[in-house]
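All remarks here apply to the structure that follows.
These numbers come from the heavy atoms of this one structure, side chains and all, not from hydrogens, waters or symmetry mates. On a predicted model such as this, the values are computed, not experimentally measured, just so you know. Below, chains carry the letters A, B, ... as their sequence lines are ordered, and counting in each starts from 1.
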There are 2 protein chains.
Amino acid sequence: MPQKTYNSAKSKPLPNRLALYQIVMQRIMQQLASGQLKPGQYLPSEWDLARQWQVSQGTIRKGLNELVLRGLLQRQQGIGTLVTHKNWDWGDYPLVPSPSQSKLSPMVNWPVVEILSVTAESADAETAQQLQLRLAESVWKIVALWRNGYQVVALDEAFLPMAILPELNIHFVHRRGSFYGFLLQQYQMVLNGVQQCLWMQYLNKDQQKLLKHSESEACVCWGRLSTNENGALVEWRRRFLCFGHIALQLEGMHAEV
Amino acid sequence: MPQKTYNSAKSKPLPNRLALYQIVMQRIMQQLASGQLKPGQYLPSEWDLARQWQVSQGTIRKGLNELVLRGLLQRQQGIGTLVTHKNWDWGDYPLVPSPSQSKLSPMVNWPVVEILSVTAESADAETAQQLQLRLAESVWKIVALWRNGYQVVALDEAFLPMAILPELNIHFVHRRGSFYGFLLQQYQMVLNGVQQCLWMQYLNKDQQKLLKHSESEACVCWGRLSTNENGALVEWRRRFLCFGHIALQLEGMHAEV
DNA sequence: CAGTGGTCTAGACCACTCG
DNA sequence: GAGTGGTCTAGACCACTGG
(Lines give C-alpha, C1' and ligand atoms only; values in the text may rest on other atoms or scores of the structure.)
Protein backbone atom coordinates (compact mmCIF):
# COMPACT_ATOMS: atom_id res chain seq x y z
CA MET A 1 0.00 0.00 0.00
CA PRO A 2 1.51 3.31 -1.00
CA GLN A 3 1.85 5.74 1.86
CA LYS A 4 0.54 9.26 1.50
CA THR A 5 3.27 11.41 0.05
CA TYR A 6 3.11 14.16 -2.52
CA ASN A 7 -0.38 14.56 -3.84
CA SER A 8 0.36 17.49 -6.07
CA ALA A 9 -2.73 17.67 -8.11
CA LYS A 10 -5.38 17.16 -5.49
CA SER A 11 -7.20 15.25 -8.23
CA LYS A 12 -6.52 17.93 -10.81
CA PRO A 13 -3.75 16.94 -13.19
CA LEU A 14 -3.82 20.10 -15.29
CA PRO A 15 -0.43 21.55 -16.05
CA ASN A 16 -1.74 25.08 -15.54
CA ARG A 17 -3.16 24.55 -12.09
CA LEU A 18 -2.12 26.91 -9.34
CA ALA A 19 0.29 25.67 -6.74
CA LEU A 20 -1.30 24.86 -3.39
CA TYR A 21 0.51 27.72 -1.69
CA GLN A 22 -0.91 30.08 -4.31
CA ILE A 23 -4.38 28.81 -3.53
CA VAL A 24 -3.61 29.54 0.11
CA MET A 25 -2.64 33.08 -0.92
CA GLN A 26 -5.82 33.54 -2.90
CA ARG A 27 -8.00 32.34 -0.05
CA ILE A 28 -6.37 34.76 2.33
CA MET A 29 -6.61 37.60 -0.16
CA GLN A 30 -10.27 36.89 -0.78
CA GLN A 31 -10.89 37.04 2.94
CA LEU A 32 -9.08 40.36 2.94
CA ALA A 33 -11.08 41.71 0.03
CA SER A 34 -14.40 40.55 1.44
CA GLY A 35 -13.69 42.10 4.81
CA GLN A 36 -13.71 38.77 6.62
CA LEU A 37 -10.14 39.58 7.60
CA LYS A 38 -9.50 43.12 8.75
CA PRO A 39 -6.32 45.10 9.38
CA GLY A 40 -4.92 44.33 12.82
CA GLN A 41 -6.72 41.03 13.04
CA TYR A 42 -4.85 37.80 13.77
CA LEU A 43 -5.07 34.78 11.50
CA PRO A 44 -5.51 31.26 12.85
CA SER A 45 -2.21 29.53 13.52
CA GLU A 46 -0.38 27.82 10.69
CA TRP A 47 -1.34 24.41 12.05
CA ASP A 48 -5.00 25.38 12.32
CA LEU A 49 -5.03 26.61 8.74
CA ALA A 50 -3.24 23.44 7.63
CA ARG A 51 -5.89 21.27 9.28
CA GLN A 52 -8.68 23.45 7.98
CA TRP A 53 -7.52 23.45 4.35
CA GLN A 54 -5.99 19.97 4.34
CA VAL A 55 -2.50 20.94 3.32
CA SER A 56 0.75 20.70 5.24
CA GLN A 57 1.91 23.41 7.60
CA GLY A 58 4.90 24.07 5.35
CA THR A 59 2.61 24.90 2.45
CA ILE A 60 0.55 27.30 4.56
CA ARG A 61 3.84 28.78 5.67
CA LYS A 62 5.04 29.39 2.13
CA GLY A 63 1.76 31.03 1.16
CA LEU A 64 1.75 33.31 4.18
CA ASN A 65 5.39 34.22 3.59
CA GLU A 66 4.56 35.40 0.09
CA LEU A 67 1.87 37.65 1.51
CA VAL A 68 4.33 38.98 4.08
CA LEU A 69 6.66 39.86 1.20
CA ARG A 70 3.81 41.69 -0.48
CA GLY A 71 3.20 43.61 2.71
CA LEU A 72 -0.28 42.24 3.40
CA LEU A 73 0.61 40.28 6.52
CA GLN A 74 3.18 40.49 9.23
CA ARG A 75 4.36 37.87 11.65
CA GLN A 76 5.66 37.86 15.19
CA GLN A 77 7.37 34.82 16.56
CA GLY A 78 5.59 33.49 19.60
CA ILE A 79 2.47 35.55 18.87
CA GLY A 80 0.96 34.95 15.49
CA THR A 81 0.29 36.33 12.05
CA LEU A 82 -1.78 39.46 11.55
CA VAL A 83 -3.10 41.68 8.80
CA THR A 84 -1.13 44.87 8.24
CA HIS A 85 -2.66 48.28 7.87
CA LYS A 86 -2.00 48.79 4.24
CA ASN A 87 -3.34 51.00 1.54
CA TRP A 88 -3.40 48.78 -1.51
CA ASP A 89 -4.02 51.46 -4.07
CA TRP A 90 -1.34 53.76 -2.82
CA GLY A 91 1.19 50.99 -3.08
CA ASP A 92 2.50 50.27 0.38
CA TYR A 93 4.53 53.41 0.83
CA PRO A 94 3.63 55.90 3.55
CA LEU A 95 4.51 59.57 3.66
CA VAL A 96 7.00 60.78 6.24
CA PRO A 97 8.66 64.11 6.97
CA SER A 98 11.52 64.76 4.59
CA PRO A 99 14.86 63.75 6.22
CA SER A 100 16.39 67.12 5.39
CA GLN A 101 13.86 68.76 7.72
CA SER A 102 13.65 66.08 10.32
CA LYS A 103 13.31 67.97 13.54
CA LEU A 104 9.78 66.69 13.76
CA SER A 105 8.72 63.38 15.15
CA PRO A 106 8.62 60.66 12.53
CA MET A 107 4.91 60.89 11.83
CA VAL A 108 3.77 58.42 9.24
CA ASN A 109 0.85 59.46 7.08
CA TRP A 110 -1.34 57.55 4.72
CA PRO A 111 -2.91 59.68 2.03
CA VAL A 112 -6.53 59.32 1.02
CA VAL A 113 -7.70 58.73 -2.53
CA GLU A 114 -10.52 60.27 -4.52
CA ILE A 115 -11.41 58.79 -7.89
CA LEU A 116 -12.05 61.67 -10.28
CA SER A 117 -13.04 59.83 -13.44
CA VAL A 118 -13.31 56.47 -15.13
CA THR A 119 -13.40 56.79 -18.90
CA ALA A 120 -12.97 54.71 -22.01
CA GLU A 121 -10.10 55.90 -24.17
CA SER A 122 -7.81 54.66 -26.87
CA ALA A 123 -4.25 53.87 -25.96
CA ASP A 124 -1.60 56.46 -26.74
CA ALA A 125 1.95 55.48 -27.67
CA GLU A 126 3.22 55.26 -24.12
CA THR A 127 0.32 53.24 -22.81
CA ALA A 128 0.31 50.92 -25.82
CA GLN A 129 3.99 50.21 -25.40
CA GLN A 130 3.78 49.58 -21.68
CA LEU A 131 0.74 47.31 -21.90
CA GLN A 132 1.90 45.78 -25.18
CA LEU A 133 -1.25 46.79 -27.02
CA ARG A 134 -1.74 48.10 -30.54
CA LEU A 135 -1.94 51.85 -30.84
CA ALA A 136 -5.44 53.22 -30.19
CA GLU A 137 -6.67 49.96 -28.70
CA SER A 138 -9.40 50.51 -26.09
CA VAL A 139 -8.35 51.05 -22.52
CA TRP A 140 -9.96 52.22 -19.31
CA LYS A 141 -8.45 55.37 -17.89
CA ILE A 142 -8.87 56.00 -14.21
CA VAL A 143 -7.80 59.33 -12.77
CA ALA A 144 -7.44 59.70 -9.04
CA LEU A 145 -6.17 62.32 -6.65
CA TRP A 146 -4.35 61.63 -3.40
CA ARG A 147 -4.60 63.97 -0.45
CA ASN A 148 -2.71 64.11 2.79
CA GLY A 149 -5.08 66.13 4.92
CA TYR A 150 -5.88 69.14 2.76
CA GLN A 151 -2.68 68.93 0.80
CA VAL A 152 -2.70 67.29 -2.61
CA VAL A 153 0.24 64.92 -2.79
CA ALA A 154 -0.21 62.91 -5.96
CA LEU A 155 -2.18 62.43 -9.14
CA ASP A 156 -2.72 58.93 -10.51
CA GLU A 157 -3.47 57.99 -14.08
CA ALA A 158 -4.12 54.29 -14.49
CA PHE A 159 -4.68 52.52 -17.80
CA LEU A 160 -6.21 49.04 -18.10
CA PRO A 161 -6.92 47.09 -21.30
CA MET A 162 -10.64 46.91 -21.93
CA ALA A 163 -10.18 43.45 -23.42
CA ILE A 164 -9.25 42.09 -20.01
CA LEU A 165 -11.88 43.98 -18.00
CA PRO A 166 -14.80 44.20 -20.43
CA GLU A 167 -17.58 44.92 -18.01
CA LEU A 168 -15.94 47.29 -15.59
CA ASN A 169 -18.79 49.05 -13.87
CA ILE A 170 -17.99 52.71 -13.45
CA HIS A 171 -20.36 53.28 -10.56
CA PHE A 172 -18.96 50.31 -8.72
CA VAL A 173 -15.46 51.69 -8.98
CA HIS A 174 -16.55 55.07 -7.70
CA ARG A 175 -18.22 53.64 -4.63
CA ARG A 176 -15.25 51.58 -3.52
CA GLY A 177 -12.52 52.64 -1.20
CA SER A 178 -9.91 50.43 -2.80
CA PHE A 179 -9.69 49.90 -6.53
CA TYR A 180 -7.50 46.83 -6.14
CA GLY A 181 -9.94 45.45 -3.61
CA PHE A 182 -12.65 46.01 -6.20
CA LEU A 183 -10.67 44.10 -8.84
CA LEU A 184 -10.18 41.23 -6.43
CA GLN A 185 -13.82 40.97 -5.50
CA GLN A 186 -15.33 41.54 -8.95
CA TYR A 187 -12.78 39.78 -11.12
CA GLN A 188 -10.91 37.56 -8.64
CA MET A 189 -7.88 39.37 -9.98
CA VAL A 190 -4.80 40.05 -7.91
CA LEU A 191 -2.41 42.58 -9.35
CA ASN A 192 1.28 41.97 -9.06
CA GLY A 193 3.67 44.83 -9.74
CA VAL A 194 6.33 43.66 -12.15
CA GLN A 195 8.11 46.85 -13.02
CA GLN A 196 8.43 50.28 -11.55
CA CYS A 197 10.31 53.29 -12.72
CA LEU A 198 10.90 56.85 -11.73
CA TRP A 199 11.52 59.86 -13.92
CA MET A 200 10.75 63.54 -14.28
CA GLN A 201 8.49 65.20 -16.78
CA TYR A 202 6.56 68.38 -17.39
CA LEU A 203 2.86 68.34 -16.69
CA ASN A 204 0.09 69.29 -19.08
CA LYS A 205 -2.40 72.01 -18.18
CA ASP A 206 -4.96 69.71 -16.57
CA GLN A 207 -2.40 67.94 -14.50
CA GLN A 208 -0.88 71.25 -13.37
CA LYS A 209 -4.23 72.53 -12.23
CA LEU A 210 -5.06 69.44 -10.21
CA LEU A 211 -1.68 69.32 -8.53
CA LYS A 212 -1.33 73.12 -8.24
CA HIS A 213 2.05 72.64 -9.83
CA SER A 214 4.01 75.33 -11.60
CA GLU A 215 4.47 75.11 -15.34
CA SER A 216 8.19 75.69 -15.35
CA GLU A 217 9.20 72.90 -13.02
CA ALA A 218 9.33 69.25 -13.86
CA CYS A 219 7.38 66.85 -11.69
CA VAL A 220 8.50 63.51 -10.31
CA CYS A 221 6.65 60.67 -11.95
CA TRP A 222 6.48 57.13 -10.67
CA GLY A 223 5.28 54.50 -13.13
CA ARG A 224 4.15 51.00 -12.27
CA LEU A 225 3.29 48.10 -14.53
CA SER A 226 1.23 45.26 -13.10
CA THR A 227 0.11 41.83 -14.23
CA ASN A 228 -2.57 39.47 -13.00
CA GLU A 229 -1.71 36.04 -11.66
CA ASN A 230 -1.54 34.65 -15.21
CA GLY A 231 1.13 37.09 -16.19
CA ALA A 232 -1.10 39.19 -18.45
CA LEU A 233 -0.38 42.93 -18.35
CA VAL A 234 -3.34 44.56 -16.64
CA GLU A 235 -2.39 48.03 -15.52
CA TRP A 236 0.00 50.84 -16.37
CA ARG A 237 -0.14 53.49 -13.69
CA ARG A 238 1.55 56.88 -13.70
CA ARG A 239 1.75 58.73 -10.44
CA PHE A 240 2.76 62.38 -10.41
CA LEU A 241 4.16 63.22 -7.03
CA CYS A 242 4.03 66.55 -5.26
CA PHE A 243 6.58 66.51 -2.47
CA GLY A 244 6.29 69.45 -0.13
CA HIS A 245 8.32 68.89 2.99
CA ILE A 246 7.22 65.34 2.70
CA ALA A 247 9.01 62.21 1.64
CA LEU A 248 7.80 58.94 0.25
CA GLN A 249 9.03 56.11 2.41
CA LEU A 250 9.90 53.02 0.42
CA GLU A 251 10.53 50.69 3.29
CA GLY A 252 10.93 46.97 3.39
CA MET A 253 12.83 46.99 0.13
CA HIS A 254 14.07 43.48 0.84
CA ALA A 255 13.02 40.69 3.11
CA GLU A 256 14.59 40.94 6.51
CA VAL A 257 17.14 38.31 7.41
CA MET B 1 19.73 4.73 18.37
CA PRO B 2 18.29 8.13 17.53
CA GLN B 3 17.90 8.75 13.84
CA LYS B 4 19.44 11.86 12.34
CA THR B 5 16.88 14.62 12.45
CA TYR B 6 17.25 18.30 13.22
CA ASN B 7 20.75 19.14 14.26
CA SER B 8 20.21 22.85 14.58
CA ALA B 9 23.37 23.93 16.23
CA LYS B 10 25.92 21.95 14.28
CA SER B 11 27.72 21.71 17.63
CA LYS B 12 27.21 25.39 18.36
CA PRO B 13 24.40 25.96 20.85
CA LEU B 14 24.68 29.76 20.94
CA PRO B 15 21.40 31.59 20.77
CA ASN B 16 22.87 34.22 18.46
CA ARG B 17 24.21 31.84 15.85
CA LEU B 18 23.28 32.43 12.26
CA ALA B 19 20.76 30.12 10.69
CA LEU B 20 22.23 27.57 8.33
CA TYR B 21 20.56 29.18 5.34
CA GLN B 22 22.16 32.48 6.32
CA ILE B 23 25.55 30.80 6.39
CA VAL B 24 24.76 29.52 2.91
CA MET B 25 24.01 33.10 1.89
CA GLN B 26 27.26 34.37 3.36
CA ARG B 27 29.31 31.71 1.63
CA ILE B 28 27.77 32.58 -1.71
CA MET B 29 28.23 36.30 -1.10
CA GLN B 30 31.85 35.80 -0.15
CA GLN B 31 32.41 33.90 -3.36
CA LEU B 32 30.80 36.82 -5.16
CA ALA B 33 32.92 39.40 -3.38
CA SER B 34 36.14 37.46 -3.91
CA GLY B 35 35.46 37.03 -7.60
CA GLN B 36 35.27 33.25 -7.33
CA LEU B 37 31.72 33.62 -8.67
CA LYS B 38 31.27 36.03 -11.54
CA PRO B 39 28.18 37.54 -13.18
CA GLY B 40 26.68 35.15 -15.70
CA GLN B 41 28.29 32.13 -14.10
CA TYR B 42 26.24 29.12 -13.01
CA LEU B 43 26.32 27.76 -9.50
CA PRO B 44 26.54 24.05 -8.75
CA SER B 45 23.12 22.42 -8.45
CA GLU B 46 21.25 22.58 -5.19
CA TRP B 47 22.00 18.94 -4.49
CA ASP B 48 25.69 19.39 -5.16
CA LEU B 49 25.86 22.35 -2.80
CA ALA B 50 23.91 20.37 -0.21
CA ARG B 51 26.41 17.49 -0.38
CA GLN B 52 29.34 19.90 -0.40
CA TRP B 53 28.24 21.90 2.64
CA GLN B 54 26.52 19.06 4.48
CA VAL B 55 23.10 20.61 4.76
CA SER B 56 19.82 19.56 3.22
CA GLN B 57 18.76 20.65 -0.24
CA GLY B 58 15.86 22.58 1.27
CA THR B 59 18.25 24.70 3.30
CA ILE B 60 20.39 25.46 0.27
CA ARG B 61 17.17 26.32 -1.50
CA LYS B 62 16.08 28.80 1.13
CA GLY B 63 19.46 30.50 1.15
CA LEU B 64 19.54 30.83 -2.63
CA ASN B 65 15.97 32.11 -2.67
CA GLU B 66 16.92 34.93 -0.33
CA LEU B 67 19.72 35.92 -2.70
CA VAL B 68 17.30 35.80 -5.61
CA LEU B 69 15.07 38.22 -3.67
CA ARG B 70 18.06 40.50 -3.17
CA GLY B 71 18.71 40.39 -6.90
CA LEU B 72 22.09 38.65 -6.69
CA LEU B 73 21.04 35.39 -8.30
CA GLN B 74 18.43 34.27 -10.74
CA ARG B 75 17.08 30.82 -11.42
CA GLN B 76 15.70 29.01 -14.41
CA GLN B 77 13.81 25.82 -13.97
CA GLY B 78 15.44 22.96 -15.81
CA ILE B 79 18.68 24.91 -16.25
CA GLY B 80 20.23 26.14 -13.05
CA THR B 81 21.05 29.10 -10.85
CA LEU B 82 23.29 31.88 -12.08
CA VAL B 83 24.80 35.15 -10.91
CA THR B 84 23.03 38.26 -12.16
CA HIS B 85 24.78 41.26 -13.61
CA LYS B 86 24.27 43.67 -10.79
CA ASN B 87 25.84 46.84 -9.61
CA TRP B 88 25.82 46.59 -5.84
CA ASP B 89 26.71 50.18 -5.09
CA TRP B 90 24.15 51.64 -7.41
CA GLY B 91 21.47 49.61 -5.74
CA ASP B 92 20.04 47.21 -8.29
CA TYR B 93 18.22 49.76 -10.37
CA PRO B 94 19.21 50.33 -13.99
CA LEU B 95 18.55 53.43 -16.04
CA VAL B 96 16.11 53.23 -18.93
CA PRO B 97 14.63 55.75 -21.32
CA SER B 98 11.85 57.73 -19.72
CA PRO B 99 8.43 56.21 -20.61
CA SER B 100 7.12 59.57 -21.72
CA GLN B 101 9.69 59.57 -24.54
CA SER B 102 9.70 55.90 -25.30
CA LYS B 103 10.10 55.78 -29.03
CA LEU B 104 13.55 54.40 -28.49
CA SER B 105 14.39 50.79 -27.88
CA PRO B 106 14.37 49.87 -24.20
CA MET B 107 18.11 50.22 -23.68
CA VAL B 108 19.13 49.45 -20.14
CA ASN B 109 22.14 51.32 -18.83
CA TRP B 110 24.27 50.85 -15.78
CA PRO B 111 25.99 53.99 -14.63
CA VAL B 112 29.61 54.00 -13.51
CA VAL B 113 30.80 55.33 -10.18
CA GLU B 114 33.75 57.51 -9.26
CA ILE B 115 34.58 58.01 -5.61
CA LEU B 116 35.45 61.68 -5.11
CA SER B 117 36.38 61.75 -1.45
CA VAL B 118 36.48 59.79 1.77
CA THR B 119 36.66 62.06 4.79
CA ALA B 120 36.18 61.96 8.53
CA GLU B 121 33.41 64.29 9.67
CA SER B 122 31.11 64.82 12.59
CA ALA B 123 27.48 63.88 12.18
CA ASP B 124 25.01 66.64 11.43
CA ALA B 125 21.43 66.54 12.67
CA GLU B 126 20.07 64.54 9.76
CA THR B 127 22.83 61.94 9.78
CA ALA B 128 22.75 61.60 13.56
CA GLN B 129 19.04 61.00 13.52
CA GLN B 130 19.14 58.46 10.71
CA LEU B 131 22.06 56.49 12.16
CA GLN B 132 20.86 57.01 15.74
CA LEU B 133 24.10 58.65 16.81
CA ARG B 134 24.74 61.60 19.08
CA LEU B 135 25.14 64.92 17.35
CA ALA B 136 28.72 65.51 16.13
CA GLU B 137 29.73 61.90 16.61
CA SER B 138 32.43 60.81 14.17
CA VAL B 139 31.35 59.42 10.83
CA TRP B 140 32.98 58.62 7.52
CA LYS B 141 31.62 60.61 4.63
CA ILE B 142 32.00 59.15 1.17
CA VAL B 143 31.11 61.28 -1.83
CA ALA B 144 30.70 59.61 -5.19
CA LEU B 145 29.56 60.64 -8.62
CA TRP B 146 27.64 58.43 -11.02
CA ARG B 147 27.96 58.82 -14.77
CA ASN B 148 26.04 57.33 -17.63
CA GLY B 149 28.47 57.76 -20.47
CA TYR B 150 29.51 61.39 -20.21
CA GLN B 151 26.34 62.45 -18.51
CA VAL B 152 26.31 62.90 -14.75
CA VAL B 153 23.24 61.16 -13.38
CA ALA B 154 23.64 61.13 -9.62
CA LEU B 155 25.63 62.30 -6.65
CA ASP B 156 25.97 60.05 -3.62
CA GLU B 157 26.73 61.09 -0.07
CA ALA B 158 27.17 58.15 2.25
CA PHE B 159 27.69 58.38 6.00
CA LEU B 160 29.01 55.51 8.12
CA PRO B 161 29.66 55.51 11.88
CA MET B 162 33.38 55.47 12.57
CA ALA B 163 32.75 53.37 15.65
CA ILE B 164 31.67 50.47 13.48
CA LEU B 165 34.36 50.83 10.83
CA PRO B 166 37.34 52.15 12.80
CA GLU B 167 40.13 51.29 10.40
CA LEU B 168 38.57 52.10 7.07
CA ASN B 169 41.47 52.50 4.72
CA ILE B 170 40.89 55.39 2.40
CA HIS B 171 43.23 54.19 -0.31
CA PHE B 172 41.63 50.79 -0.29
CA VAL B 173 38.22 52.30 -0.88
CA HIS B 174 39.49 54.37 -3.77
CA ARG B 175 41.02 51.39 -5.53
CA ARG B 176 37.91 49.28 -5.45
CA GLY B 177 35.19 49.10 -8.03
CA SER B 178 32.50 48.28 -5.53
CA PHE B 179 32.31 49.84 -2.10
CA TYR B 180 29.94 47.19 -0.83
CA GLY B 181 32.24 44.51 -2.20
CA PHE B 182 35.02 46.19 -0.25
CA LEU B 183 33.00 46.12 2.96
CA LEU B 184 32.26 42.45 2.45
CA GLN B 185 35.86 41.51 1.85
CA GLN B 186 37.46 43.73 4.47
CA TYR B 187 34.88 43.55 7.22
CA GLN B 188 32.82 40.48 6.29
CA MET B 189 29.93 42.89 6.42
CA VAL B 190 26.86 42.56 4.26
CA LEU B 191 24.65 45.61 4.12
CA ASN B 192 20.93 45.16 4.15
CA GLY B 193 18.75 48.08 3.14
CA VAL B 194 16.05 48.55 5.77
CA GLN B 195 14.49 51.81 4.78
CA GLN B 196 14.35 53.95 1.71
CA CYS B 197 12.67 57.22 1.06
CA LEU B 198 12.27 59.72 -1.68
CA TRP B 199 11.88 63.48 -1.41
CA MET B 200 12.87 66.73 -3.06
CA GLN B 201 15.26 69.32 -1.81
CA TYR B 202 17.39 72.23 -2.96
CA LEU B 203 21.07 71.60 -3.47
CA ASN B 204 23.94 73.49 -1.91
CA LYS B 205 26.57 75.17 -4.09
CA ASP B 206 28.97 72.22 -4.18
CA GLN B 207 26.25 69.78 -5.03
CA GLN B 208 24.90 72.06 -7.76
CA LYS B 209 28.32 72.34 -9.35
CA LEU B 210 28.93 68.61 -9.40
CA LEU B 211 25.52 67.82 -10.83
CA LYS B 212 25.38 70.87 -13.10
CA HIS B 213 22.02 71.53 -11.55
CA SER B 214 20.26 74.88 -11.50
CA GLU B 215 19.84 76.68 -8.21
CA SER B 216 16.19 77.41 -8.57
CA GLU B 217 14.95 73.88 -9.08
CA ALA B 218 14.62 71.24 -6.44
CA CYS B 219 16.37 67.95 -6.98
CA VAL B 220 15.04 64.46 -6.39
CA CYS B 221 16.74 62.83 -3.46
CA TRP B 222 16.68 59.15 -2.66
CA GLY B 223 17.77 58.15 0.84
CA ARG B 224 18.66 54.69 2.00
CA LEU B 225 19.39 53.38 5.47
CA SER B 226 21.27 50.10 5.80
CA THR B 227 22.20 47.74 8.60
CA ASN B 228 24.69 44.93 8.84
CA GLU B 229 23.62 41.36 9.53
CA ASN B 230 23.43 42.08 13.27
CA GLY B 231 20.93 44.85 12.74
CA ALA B 232 23.34 47.67 13.57
CA LEU B 233 22.83 50.83 11.50
CA VAL B 234 25.85 51.11 9.24
CA GLU B 235 25.08 53.50 6.43
CA TRP B 236 22.89 56.47 5.62
CA ARG B 237 23.13 57.27 1.93
CA ARG B 238 21.64 60.25 0.12
CA ARG B 239 21.49 60.08 -3.64
CA PHE B 240 20.70 63.22 -5.61
CA LEU B 241 19.29 62.20 -8.95
CA CYS B 242 19.59 64.06 -12.22
CA PHE B 243 17.02 62.67 -14.58
CA GLY B 244 17.43 63.88 -18.14
CA HIS B 245 15.30 61.89 -20.50
CA ILE B 246 16.19 58.98 -18.35
CA ALA B 247 14.25 56.99 -15.81
CA LEU B 248 15.29 54.90 -12.87
CA GLN B 249 13.86 51.44 -13.20
CA LEU B 250 12.84 49.95 -9.88
CA GLU B 251 12.03 46.48 -11.06
CA GLY B 252 11.41 43.30 -9.16
CA MET B 253 9.51 45.15 -6.47
CA HIS B 254 8.04 41.90 -5.25
CA ALA B 255 8.81 38.25 -5.67
CA GLU B 256 7.22 36.78 -8.74
CA VAL B 257 4.56 34.18 -8.17
C1' DC C 1 3.93 25.97 30.69
C1' DA C 2 1.44 25.73 26.14
C1' DG C 3 1.21 27.88 21.79
C1' DT C 4 3.21 30.43 18.11
C1' DG C 5 6.26 31.17 14.29
C1' DG C 6 11.27 29.82 12.56
C1' DT C 7 14.54 26.35 11.06
C1' DC C 8 15.93 21.93 9.36
C1' DT C 9 15.74 17.26 7.43
C1' DA C 10 14.54 13.37 4.36
C1' DG C 11 12.13 11.88 0.86
C1' DA C 12 8.78 12.17 -2.79
C1' DC C 13 6.95 13.80 -7.12
C1' DC C 14 6.28 17.48 -10.78
C1' DA C 15 7.66 20.63 -14.67
C1' DC C 16 10.96 22.21 -17.44
C1' DT C 17 15.23 22.10 -20.59
C1' DC C 18 18.49 20.00 -23.11
C1' DG C 19 21.03 16.58 -25.68
C1' DG D 1 16.33 10.19 -20.33
C1' DA D 2 19.17 12.73 -17.16
C1' DG D 3 19.50 16.76 -14.65
C1' DT D 4 17.71 21.02 -12.96
C1' DG D 5 14.76 23.87 -10.10
C1' DG D 6 9.70 23.90 -7.97
C1' DT D 7 6.28 21.96 -4.92
C1' DC D 8 4.67 19.21 -1.15
C1' DT D 9 4.61 16.29 2.97
C1' DA D 10 5.65 14.58 7.66
C1' DG D 11 8.05 15.08 11.44
C1' DA D 12 11.46 17.08 14.40
C1' DC D 13 13.48 20.67 17.23
C1' DC D 14 14.41 25.72 18.39
C1' DA D 15 13.25 30.48 20.01
C1' DC D 16 10.12 33.53 21.40
C1' DT D 17 5.80 35.15 23.75
C1' DG D 18 2.34 35.17 27.00
C1' DG D 19 -0.34 33.60 30.99
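Residues A:G78 and A:G58 both approach DNA chain D. Their nearest nucleotides, taken by heavy-atom distance, put A:G58 toward the 5′ side. Both A:Q57 and A:I79 lie near DNA chain C, and the one whose nearest nucleotide falls closer to the 5' end is A:I79.
A:N65 places its CG atom 14 Å from the P atom of C:dC8, with the value rounded to the nearest Å. Whole-Å rounding puts the B:M25 CE to C:dC8 P distance at 12 Å. Note: CG (B:L20) to P (C:dA10) measures 12 Å, nearest angstrom. Distance B:R61 CZ to C:dA10 P: 16 Å, rounded to the nearest Å. A:D48 places its CG atom 6 Å from the P atom of C:dT4, with the value rounded to the nearest Å. Rounded to whole Å, atom C1' of C:dC8 lies 10 Å from atom NZ of B:K62. In this entry the distance linking CD of A:Q77 with P of D:dT17 reads 7 Å, nearest Å. When rounded to the nearest whole Å, the span between CG of A:L73 and P of C:dG6 equals 11 Å.
Cation-pi geometry between B:R27 and B:W53 is met: the NZ or CZ atom falls under 6.0 Å from the ring centre, inside 45° of the normal.
Taking 4.0 angstrom as the limit, A:Y21 places none of its side-chain polar atoms (N or O) nearer than this to OP1 or OP2 of D:dC8. Note on A:R75: every side-chain N or O is 4.0 Å or more away from OP1 and OP2 of C:dT4. Regarding contacts with the backbone of D:dT4, every side-chain N or O of B:T81 stays at 4.0 angstrom or more from both OP1 and OP2. The phosphate of C:dT9 has OP1 or OP2 within less than 4.0 Å of a side-chain N or O from B:T59.
Inter-residue side-chain proximity for B:M189 and B:Y180 is flagged as unmet; no heavy-atom pair is nearer than 4.5 Å.
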request  = Carefully, step by step, assess A:Q130 and A:R224 under the rule side-chain contact (heavy atoms from CB on, under 4.5 Å).
outcome  = CA-CA 10 Å; A:Q130 294 292 340; A:R224 188 171 64 223; over 6 Å; no
task = Decide yes or no on salt bridge (Lys or Arg N to Asp or Glu O under 4.0 Å) for A:E46 and A:R75, but give the supporting numbers first.
result = CA-CA 11 Å; A:E46 295 177 351; A:R75 334 186 72 169; 2.2 Å; yes
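Residue A:S56 places its side chain closer to D:dA10 than to any other of C:dT9, D:dG5, D:dA10. With C:dG5, D:dG5, C:dT9 as the choices, the nucleotide that has an atom nearest any side-chain atom of B:S45 turns out to be D:dG5.
Looking only at atom types and distance, the side chain of B:Y187 has no donor-acceptor partner in the side chain of B:E167 under 3.5 Å away.
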